[in-house]
Amino acid sequence: MMTRGLMFGAALALAACTTGSARSFDDPAVQKLFVMSTPEYYAKLTLANRVAQSCARYTYDAALDSSLNEARNEVGRGSLAAISQRNGIELETEVSKRSFEVKHGVDVTSDDLCTAGDAEVLEGSGLSAMLIPS
C-alpha cells in the first residue's frame with residue numbers, strides 16, 4: 001500500500017512539473033479527475049470538450065488533458081487502460097451525458113452550454129478542471 005502511495009505522489013509531482021496548464025495538480029477539481037475510474041474520466045473529458053465547443057467563454061485545456069493522461073498512465077488509468085475499456089467508456093459517456101443534461105436542463109448536442117459550464121465551474125467539478133475561461 002505504501003508503494004502505491006509513493007507511486008501516486010511521484011506521478012502527481014511529475015505531472016505538476018510538466019503541465020503547461022493554468023491548473024495545478026493540487027487543484028481539487030484536477031484531483032477529482034485524477035482519481036476517477038477510467039470510464040468516468042473519459043466521459044467527463046468528452047463533456048468538457050462539448051462545453052468548450054459550444055461556448056465561446058471556455059476553451060478545452062489540452063495541456064492539462066495531456067498531463068493528466070501521462071500521470072494516469074503511470075498508475076494504470078490513462079489512455080493505455082482505456083483501450084480495453086472501450087465499451088465501459090461508451091456506456092459511462094452516455095450515462096454522464098444524460099445526467100449532465102438533466103442536471104443543467106440542456107441538450108448537449110444542440111444547446112448553448114455556457115450556463116452549464118458556469119455552473120460546473122462554480123461547483124468545482126472535475127469537468128470544470130478542463131475548462132479554461134476565455
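The figures that follow rest on heavy atoms only: side chains count, while hydrogens, waters and symmetry mates do not. Since the model is a prediction, treat every value here as computed from it, not as a measurement.
- Grouping Ile, Leu, Val, Met, Phe, Trp and Tyr by side-chain contacts under 4.5 Å, direct or through others, puts Leu91 with Val95.
- Scanning both residues, Arg50 and Thr109, for their nearest heavy atoms gives NH1-CG2, 4.0 Å.
- Think of Ile83 as one node in a network of Ile, Leu, Val, Met, Phe, Trp and Tyr side chains linked at under 4.5 Å; it has no links at all.
- Partners of Lys32 according to the side-chain contact (heavy atoms from CB on, under 4.5 Å) rule, which considers only residues two or more places apart in sequence or in another chain, do not exist here.
- Under the side-chain contact (heavy atoms from CB on, under 4.5 Å) criterion, Ser37 pairs with Pro39, Glu40, sequence neighbours left out.
- The ring pair (Phe, Tyr, Trp, His ring centres under 6.0 Å) pairs that include a residue from residues 42-68 number zero, where partners must be two or more places apart or lie in different chains.
- Sorted by first and then second residue, the salt bridge (Lys or Arg N to Asp or Glu O under 4.0 Å) pairs involving residues 111-127 (not counting sequence neighbours) are Arg57-Asp118, Lys103-Glu120, Lys103-Glu123.
- The list of ring pair (Phe, Tyr, Trp, His ring centres under 6.0 Å) pairs with a residue in residues 87-127, not counting sequence neighbours, reads Phe100-His104.
- Judged purely by atom type and a 3.5 angstrom limit, Arg77 uses its side chain to pair as donor or acceptor with the backbone of Phe34.
- Every residue two or more places apart in sequence or in another chain that forms a side-chain contact (heavy atoms from CB on, under 4.5 Å) with Thr59 is listed here: Ile132, Ser134.
- Leu122 shares a hydrophobic cluster with no other residue; no ILVMFWY side chain has heavy atoms under 4.5 Å from its own.
- Among residue pairs with one or both ends in residues 106-134, none qualify as ring pair (Phe, Tyr, Trp, His ring centres under 6.0 Å); sequence neighbours excluded.
- Pairs of residues two or more places apart, or lying in two chains, that qualify as disulfide (SG to SG under 2.5 Å) and include a residue from residues 46-134 are Cys55-Cys114.
- Annotation: side-chain hydrogen bond (donor to acceptor under 3.5 Å, both in side chains) contacts involving residues 84-93, sequence neighbours excluded, comprise Glu92-Ser96.
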